[in-house]
Amino acid sequence: MNVKKSVKGSNLYCFLKRVYFKCRVALVPKHIYAVFSYWLRYRKYLNIEHPKTFDEKLWWLKFNYHHPLQTQCVDKWLVRKYVSDCGLSELLIPCYGHYENVTQLELEKIPEDEFFLKCNHISGGNMICNKKDFNKKKVSKQFGQWLKFNAYYYGYEWPYKDVKPCIIIEKVLHTSDPLGLFDYKFMCFEGEPRLLFLDIGVCNEDGTHSENYYRNIYDMDFNLTQIKETRENAPFPINCPKNFSLMKEYARILSKPFPHCRVDLYNIDGRIYFGEITFYHGSGYNSITPDAADEMIGSWIDIDRHINIFIERDIDNPGYKKITNMNK
């Protein structure tokens with residue numbers, strides 16, 4: 001039996017994983033873990049002190065660049081306010097509420113029979129549900145485990161550390177495209193989109209995250225590049241959206257405050273929707289080829305501009321945070 005396939009097995013697996021991650025963070029210095037785990041995965045040395053490649057720059061940002069706005073932006077509930085504050089509320093997927101746990105969920109307040117449940121604080125952690133066959137007990141057990149997980153302990157992604165977990169209910173997005181829903185991931189640097197990672201087939205029919213899908217990488221003129229990252233290209237052609245320029249402009253607006261982030265958008269029959277903002281693509285574990293492309297992408301993250309940005313915490317007011325830039 002696959003342990004992850006059974007409810008009890010899945011709960012045990014999630015519990016042991018949480019214990020392992022927390023013990024590892026407590027016992028192993030983060031720099032040592034980063035270098036060692038990266039070597040085990042790719043047989044490459046991760047140079048965080050003098051970073052050049054994309055992954056090395058991502059790990060440098062994890063350990064050295066902490067902007068309070070990042071915590072709001074990785075929170076899939078609070079980021080809705082950020083998008084609205086940017087004047088882009090029309091991009092938000094219709095939301096039917098948020099709850100601390102599934103038991104609080106009120107089906108009668110959801111206007112549609114089909115709805116999308118997702119956690120606000122982790123990658124994945126979502127599913128499509130239907131009122132007719134909704135099993136609150138079963139769904140509650142699954143989300144109960146997801147809600148206990150803190151993504152910070154997986155890969156030291158600082159913005160997730162203080163996110164308060166909750167469950168969001170959204171409208172299910174459907175597309176008439178026979179190829180399914182495309183995930184447009186704009187890789188942005190200093191507020192400028194430079195590459196598009198287009199994921200095809202990333203979502204299973206039940207709304208969960210697929211393990212196997214295609215990824216095409218395009219330049220900002222929607223030309224397919226020779227760059228590959230972890231996944232293979234789709235074996236069929238993809239047409240450029242007619243409003244691609246508008247998508248780029250939205251990514252530009254949302255990424256403006258940060259040295260680097262990934263802005264995810266959907267485009268359904270010409271209607272653009274906001275997905276999420278991510279600061280460490282692949283948590284800094286990415287196999288980019290060719291090597292020259294890896295260093296080229298890394299060069300777009302100008303750490304010299306941000307090396308002296310840090311967070312100060314007021315001892316008498318732990319909730320207070322401010323940014324200090326010693327370069328100014």
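Cation-pi geometry between K161 and Y152 is satisfied (NZ or CZ under 6.0 Å from the ring centre, within 45° of the ring normal).
In this structure, E295 contributes its side chain and A292 its backbone to no donor-acceptor pair below 3.5 Å. With hydrogens and angles disregarded, no donor-acceptor distance shorter than 3.5 Å links the side chain of D264 to the backbone of F186. Proximity of a side-chain donor or acceptor of D113 to a complementary backbone N or O of N130 within less than 3.5 Å is not detected. The backbone N or O of R262 sits nowhere less than 3.5 Å from a side-chain atom of K185 that would complete a donor-acceptor pair.
Using the six-membered ring where Trp is involved, F258 and Y82 have ring planes that are tilted, between 30° and 60° apart. Relative ring orientation between W59 and Y285 is described as perpendicular, the plane-to-plane angle rising above 60° on a 0-90° scale split at 30° and 60°.
When each of Y280, F54, W300 is checked for a ring-ring contact (aromatic ring centres under 6.0 Å, His included) with H260, only F54 meets the rule. A side-chain contact (heavy atoms from CB on, under 4.5 Å) with Y250 is found for exactly one of L91, V83, V263, namely L91.
A donor atom on one side chain and an acceptor atom on the other are not found under 3.5 Å apart for H98 and Q104. Judged by distance alone, the side chains of D177 and T175 never bring a donor and an acceptor atom under 3.5 Å apart.
Ion pairing between E112 and K171 holds under the 4.0 Å rule for side-chain N and carboxylate O. A salt bridge links E170 and R80; the closest N-O separation between the charged side-chain nitrogens and carboxylate oxygens is under 4.0 Å. Ion pairing of E190 with R305 is present here, as a side-chain N (NZ or NE/NH1/NH2) and a carboxylate O approach within less than 4.0 Å.
Heavy atoms from other residues, nucleotides or ligands lying under 6.0 Å from CD of E100 number 12 at most. Applying the 6.0 Å contact sphere to NZ of K256 captures no more than 12 heavy atoms from other residues, nucleotides or ligands.
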